[in-house]
Structures are given as C-alpha cells and as structure tokens.
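Since the structure comes first, as structure tokens, the remarks are kept for the end.
In what follows, chains carry the letters A, B, and so on, assigned in the order in which the sequence lines appear, proteins first and then strands, with residues in each chain numbered from 1.
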2 protein chains.
Amino acid sequence: MDPDDAGSAGVLHRAARLLNALAEGGPEGLRLTDLAEAAALPRPSAHRVLRGLVQERLVEVDARTKRYTLGLRLFEMGARAGGRLGLRQICRPVLLRLTETLGETHFLLLRDGYEAVCLDRSTGPLVIRSLTGDIGGRVPLGVGQGGLAILAFLPEAEQDDVIRHNAARLRDVGGLDEATLRAELARVRRDGHCDRSSGVLPGMTGIGVPILDREGRAVAALSVGSTAEHLTPERGQVIAALLKKEALAIAARLNPFDPALRRAGAAMEMN
Amino acid sequence: MDPDDAGSAGVLHRAARLLNALAEGGPEGLRLTDLAEAAALPRPSAHRVLRGLVQERLVEVDARTKRYTLGLRLFEMGARAGGRLGLRQICRPVLLRLTETLGETHFLLLRDGYEAVCLDRSTGPLVIRSLTGDIGGRVPLGVGQGGLAILAFLPEAEQDDVIRHNAARLRDVGGLDEATLRAELARVRRDGHCDRSSGVLPGMTGIGVPILDREGRAVAALSVGSTAEHLTPERGQVIAALLKKEALAIAARLNPFDPALRRAGAAMEMN
DNA sequence: GTCATAACTTCCATTATGTGGAAGCTGTTC
DNA sequence: GAACAGCTTCCACATAATGGAAGTTATGAC
C-alpha cells in the first residue's frame with residue numbers, strides 16, 4: 001500500500017509503535033487516546049493491541065487511571081538483553097574502577113547506526129547533567145564527547161554518511177555547523193580523544209575516547225562527564241591518558257565475532 | 001480452541017513466547033529451530049514472527065551464524081520501564097549509601113505475584129552468589145531472605161495462596177517443606193526481618209527486611225547478601241536495624257497510587 | 001571434491017485473525 | 001442532572017497470518 005512504509009503492516013509493527021510511544025512518554029504513563037494518536041492508530045485498534053501487550057505483561061495499565069506504562073516484563077528482558085552484550089560485561093568493572101579512582105561519572109556508549117546508546121554508567125559524587133540521560137538513552141553520533149570520539153574514528157565514507165544524516169540534529173542539539181564539526185573531528189583524530197567543552201550544557205564538559213575494533217573502526221566510547229570547574233586542563237590530560245589505556249585494554253578483549261559490534265553495519269544496510 | 005490457553009491466539013502472543021524463550025537462552029543466542037521448539041511454534045511461523053521482531057529491533061540475528069538474541073531496543077525500553085517504577089528511583093541512593101557504609105552487596109526486590117523481581121542492586125567488594133542473579137532476575141516468594149521477608153508480611157489468605165502455588169519450587173529451590181517454612185515465617189514476622197542462613201548456597205547468608213505499604217502489606221524488600229564468615233551475629237543485628245530504618249523511610253515516601261505497587265493484586269486476579 | 005545432512009528460507013492456497021466505523025458505556029465536570 | 005470526554009464493545013469485512021511442502025544454502029563426513 002504505502003510504498004515507503006515497507007513492512008509496516010501487521011500487529012507486531014503496531015505493537016512496536018505503541019511501545020516506542022510509551023518509551024517517549026513521561027513516567028506517569030499515557031492515556032489511550034494520546035497513545036493512539038502518537039502511534040497513528042485508530043483508537044479501537046490501539047486498544048486491542050495494548051490489551052494484548054498488557055496480557056503479555058510488556059505493558060501495564062493502571063486500572064483506576066487507565067494510564068499505560070512500560071511493563072515489568074520489559075524491564076526484565078531489557079536487563080538480560082544488556083547482559084548479553086559482551087561489551088557491557090567487560091566494561092562494568094572498568095567503569096567502577098575509574099569512578100573509584102577519579103571520582104567522576106563515566107559512561108559507556110555503544111554505536112548503533114547513526115546514534116550511540118548509553119549501555120552503562122557509573123555515577124560519581126559530582127552532580128552532572130548528561131546528554132544521553134541515564135542508561136538506555138541515545139545521542140546522535142557527533143554530539144557529546146563520546147559521540148564525537150566515535151564519529152571521529154569511523155571510515156571516511158561512513159563518517160560522511162553519518163554527518164549528512166545527522167546534519168539537522170547536529171545543528172539543533174549539538175549547535176555545530178559542518179565546518180566546525182569537521183575541524184573538531186580532525187582534532188579528535190589527531191589527539192586520540194575528545195575534550196571539547198560542548199557548549200550545549202552550560203558548565204558541563206567531559207572527555208571521550210573511542211573503543212576500536214581490530215580494523216580501527218570505533219564501535220563504542222568510554223567517556224567522563226564533569227563540570228568545567230572540576231575538570232582542569234591538567235587533570236584532563238591525566239584522565240584522557242587513563243581512558244585511552246582502558247579503552248585499549250577493552251579493545252584487546254573484544255570478541256571480533258560479537259554480533260553486537262556488527263550492529264553498526266547492520267543499521268546501515270537497512271537504509 | 002484450547003480452552004485453558006485463553007487469549008493465546010495471535011501474533012503478539014507468539015512474539016512474547018519467542019521473546020521469553022530468548023530471555024531464557026544463553027548469551028550466544030538461539031537457533032531458529034530450537035526457538036521454534038521452545039515456543040511451540042512451527043518453524044516457518046517462528047521465522048516469520050522473528051523477522052518482524054528483528055525489523056523492530058527487539059531481536060537481533062547474527063547474519064553469519066543465524067543466531068537470535070534479544071535486541072538493543074529491548075535494552076533501551078527496559079531501562080526506561082525500570083526508570084518508571086518510582087520505587088527504584090527512591091531506592092537507588094539508599095542502596096548506594098548502604099553499600100558505601102557497610103561494604104556489602106544490597107538488593108531491592110519487588111513483589112510480582114508469586115515471585116519477586118530484582119529491581120536493582122549495588123555491589124560491594126565481597127564476591128557473593130545470589131539466587132536472583134543480577135538485575136531483572138526472579139525468585140519465588142519464600143526463597144532467599146528478601147523473598148521470605150516479603151512472604152512473611154502478606155495477609156494470611158494471600159500467604160496461603162502463595163505457599164500453595166510455590167510449594168514445588170520451595171522444596172526444590174529453597175529446600176523447605178511447608179512446616180519449616182511456616183515456622184520460619186512466624187519468626188520473621190516476630191523479628192521484623194529475616195536472617196536465616198538459607199542452606200541453598202553454601203557459605204552464603206544475608207538479611208532481608210520488608211518494605212510495607214500503608215496497609216502493612218509487603219510490596220518489596222531490601223536485602224543484604226554476604227558470606228557466613230563475614231556476617232557475624234553482632235554485625236547482623238546492626239545491619240538488620242539499619243535496613244529496617246531505611247525500609248521505613250522508603251515506605252513513608254511510597255506513592256500509594258503507584259501502579260507498580262498494585263502489581264501484586266493484578267497478578268492474583270489473573271489466576 | 002562430492003555427497004549427505006541439517007538447518008534456514010520461500011511459496012502459496014486457505015482461513016483465522018485483525019480491522020475500524022459506529023454505537024454503547026463510564027466516570028467526570030459544570 | 002445534563003453535557004462531555006474518554007474508554008470499551010460490536011460486528012460485517014478483508015487482510016494479513018498460517019503452516020505443509022518444496023527450495024535453498026550452510027556444515028560436515030568421507
């Protein structure tokens with residue numbers, strides 16, 4: 001029917017649309033009508049699908065308020081899906097150790113197509129605001145220190161593709177035009193890390209280093225989020241060196257056959 | 001068709017069955033044939049549904065090995081579903097603080113019908129083995145210190161229902177016959193906490209306290225997992241008192257309208 | 001290198017399952 | 001207590017799911 005909506009038919013796709021809508025919504029949950037609108041479904045259909053999801057416990061409804069939220073089952077599965085990603089297992093102790101040593105907040109980002117997903121983080125005593133938010137959050141590649149570190153270490157053709165694809169968001173979220181971005185990427189490649197104070201979150205800054213696969217392509221990033229005040233240039237140098245050492249050690253332990261690390265390519269093929 | 005399989009028809013239910021099977025499977029993923037068998041579906045049907053799930057990125061296939069695993073999307077959603085549960089937000093800092101102070105590993109369990117789900121945990125330096133495993137894991141109510149603490153503080157009728165329902169697993173996993181269990185529950189009710197060295201995991205022990213709602217019913221538990229060697233009786237007393245204090249503070253902050261806390265009831269109705 | 005085997009994938013006639021407009025509820029507001 | 005907004009049910013209709021059988025591609029044995 002709709003040519004550019006290939007594979008859009010079917011209950012599954014509708015269910016996924018509803019789940020996505022729910023994931024966007026606030027913690028108080030969403031009402032049927034709004035959910036139906038967000039997922040572009042007729043109310044009765046949304047209702048029917050949601051009932052199915054509730055039955056599978058992927059979604060919960062409050063009997064009193066009739067508000068829908070993501071279900072406990074999803075939480076459980078998500079926890080296991082994460083555990084399955086070898087990278088996360090390897091990095092967990094590294095994050096904890098870094099936070100122990102440096103007292104900063106550390107992030108592990110995994111590249112996923114044109115974006116990066118926060119796979120894990122360890123929170124330091126300092127209160128910081130981050131672009132990705134908590135675990136499970138996303139940033140476009142090129143935004144934030146981690147996102148820049150990954151983008152800088154992609155093969156040129158892919159880099160161009162990502163930049164083209166993310167152009168709008170890089171301007172809006174990252175406040176970067178293409179020329180500035182390219183200059184920045186060159187610098188990151190030269191230094192092996194990113195320590196730009198992204199102007200995005202006032203007072204906030206950080207450092208990001210890429211985690212490379214055997215071919216030298218970035219598959220993930222390790223980063224620190226801190227305040228401009230706390231992260232002096234000297235301290236920054238030390239931390240960058242430390243992160244690079246850890247990233248190398250992680251890279252050496254990567255299983256080259258881990259499907260999670262092929263994710264990048266997979267996402268590209270889809271387009 | 002199948003009378004006791006009410007509502008089992010439909011793609012959604014099949015998808016959920018496949019997801020469950022995937023969640024059980026090992027980290028290397030499952031093959032189509034095994035998945036189809038695990039979910040009791042004809043191979044072609046399993047294949048079709050899985051393809052849909054892959055398209056929605058709820059599931060991933062490795063192009064080379066054809067093995068299916070839970071997808072990144074699920075991880076993301078799971079992270080948000082967890083964030084939505086107010087209890088988790090409230091307890092996160094408590095867990096961190098406890099681990100900071102005591103150097104033990106702490107668990108937050110949420111009751112869910114006849115079981116409890118590990119909502120969060122903070123890991124101490126001591127290496128311990130736990131029944132629930134990591135976040136997202138489950139134990140039957142009555143097993144483990146947390147599970148016992150919850151069961152002990154349920155209304156009598158519900159308690160009986162749970163014990164009846166879990167009887168087999170309590171024997172197998174918990175190694176408890178009903179008489180011993182009932183005596184144990186009485187003790188937990190009297191003391192306000194559970195400090196039995198469950199014989200289940202040799203050398204391991206712990207302490208669990210319930211988190212009660214306004215009606216005095218347990219909705220969750222806070223627990224410590226440690227080794228018998230490390231957790232001396234005197235230390236146990238101190239820790240139990242501390243946990244109780246925290247559990248009370250948490251209970252006071254509970255939103256009585258939080259749908260997550262009505263989960264217990266919901267599960268019962270289903271049966 | 002060739003054959004055997006096991007697993008994955010596609011096909012397609014059949015029909016069960018999903019569809020959504022309209023009508024009926026419910027609970028909330030004025 | 002009337003008006004409203006949102007949830008739920010109904011049901012004639014058609015589409016999208018179904019699964020046996022046949023085709024294709026990996027894997028391993030000889």
Round to a whole Å and report the spacing from CG of B:Leu32 to C1' of C:dA7.
8 Å
Any donor-acceptor pair under 3.5 Å from B:Asp62 side chain to B:Tyr68 backbone
no
Within the 4.5 Å heavy-atom criterion, are B:Glu115 and B:Val139 side-chain neighbours or not?
no
Answer yes or no: does a side-chain N or O of B:Ser45 lie under 4.0 Å from OP1 or OP2 of D:dG19?
yes
Can a side chain N or O of B:Arg51 be found less than 4.0 Å away from OP1 or OP2 on C:dT10?
yes
According to a strict under-4.0 Å criterion, is A:Lys66 in side-chain N/O contact with OP1 or OP2 of D:dT8?
yes
Measuring only between side-chain heavy atoms, which start at C-beta, is B:Leu95 closer than 4.5 Å to B:Arg121?
no
Quick one: label A:Pro42 by what it contacts on the DNA or RNA (base, sugar-phosphate, nothing), any heavy atom closer than 4.0 Å.
sugar-phosphate
Where the side chain of A:Arg48 is concerned, which of D:dG19, C:dA7, C:dG18 is the nearest nucleotide?
C:dG18
Rounded to 10°, tell me the angle between the two end axes of the helix from C:dG1-D:dC30 to C:dC30-D:dG1, each built from five pairs.
50°
On the nucleotide C:dC8, are OP1 or OP2 found under 4.0 Å from the side-chain N or O atoms that B:His47 carries?
no
Hey, which sits more toward the 5' end of DNA chain D by its nearest nucleotide, A:Asp34 or B:Thr65?
A:Asp34
Check every strand shown and say whether A:Arg67 touches a base, only sugar-phosphate, or nothing at a heavy-atom separation below 4.0 Å.
nothing
Between D:dG19, D:dT8, C:dA7, which one does the side chain of B:Pro44 approach most closely?
D:dG19
Figure out the CZ/P separation between B:Arg64 and D:dT25, and round it to whole Å.
19 Å
Exercise: identify the closest heavy-atom pair between B:Leu109 and B:Gly146
CD1-CA, 3.7 Å
For A:Ile211 and A:Ala247, which heavy atoms make the closest approach, and how far apart are they?
CG1-CB, 4.1 Å
For A:Arg31 and for A:Leu12, find the nucleotide of DNA chain D with the closest heavy atom, then tell me which residue's nucleotide is more 5'.
A:Arg31
B:Leu50 atom CG is separated from C:dC8 atom P, nearest whole Å, by 10 Å
Counting just side-chain N and O atoms, does A:Arg14 come under 4.0 Å of either OP1 or OP2 of C:dG18?
no
Residue pair B:Ala38 / B:Ala21: nearest heavy atoms and the distance that separates them
CB-CB, 3.9 Å
Considering just the side-chain nitrogens and oxygens of B:Arg43, establish if one lies under 4.0 Å of OP1 or OP2 belonging to D:dA22.
no
Measure from the side chain of A:Val11, starting at C-beta and using heavy atoms only, and say which of C:dG20, C:dC8, C:dG18 lies closest.
C:dG18
Would you kindly give the CG-to-P distance between A:Leu41 and C:dG18, to the nearest whole Å?
14 Å
Is any NZ, NE, NH1 or NH2 atom of the basic residue among A:Arg43 and A:Glu37 found under 4.0 Å from an Asp or Glu carboxylate oxygen of the other?
no
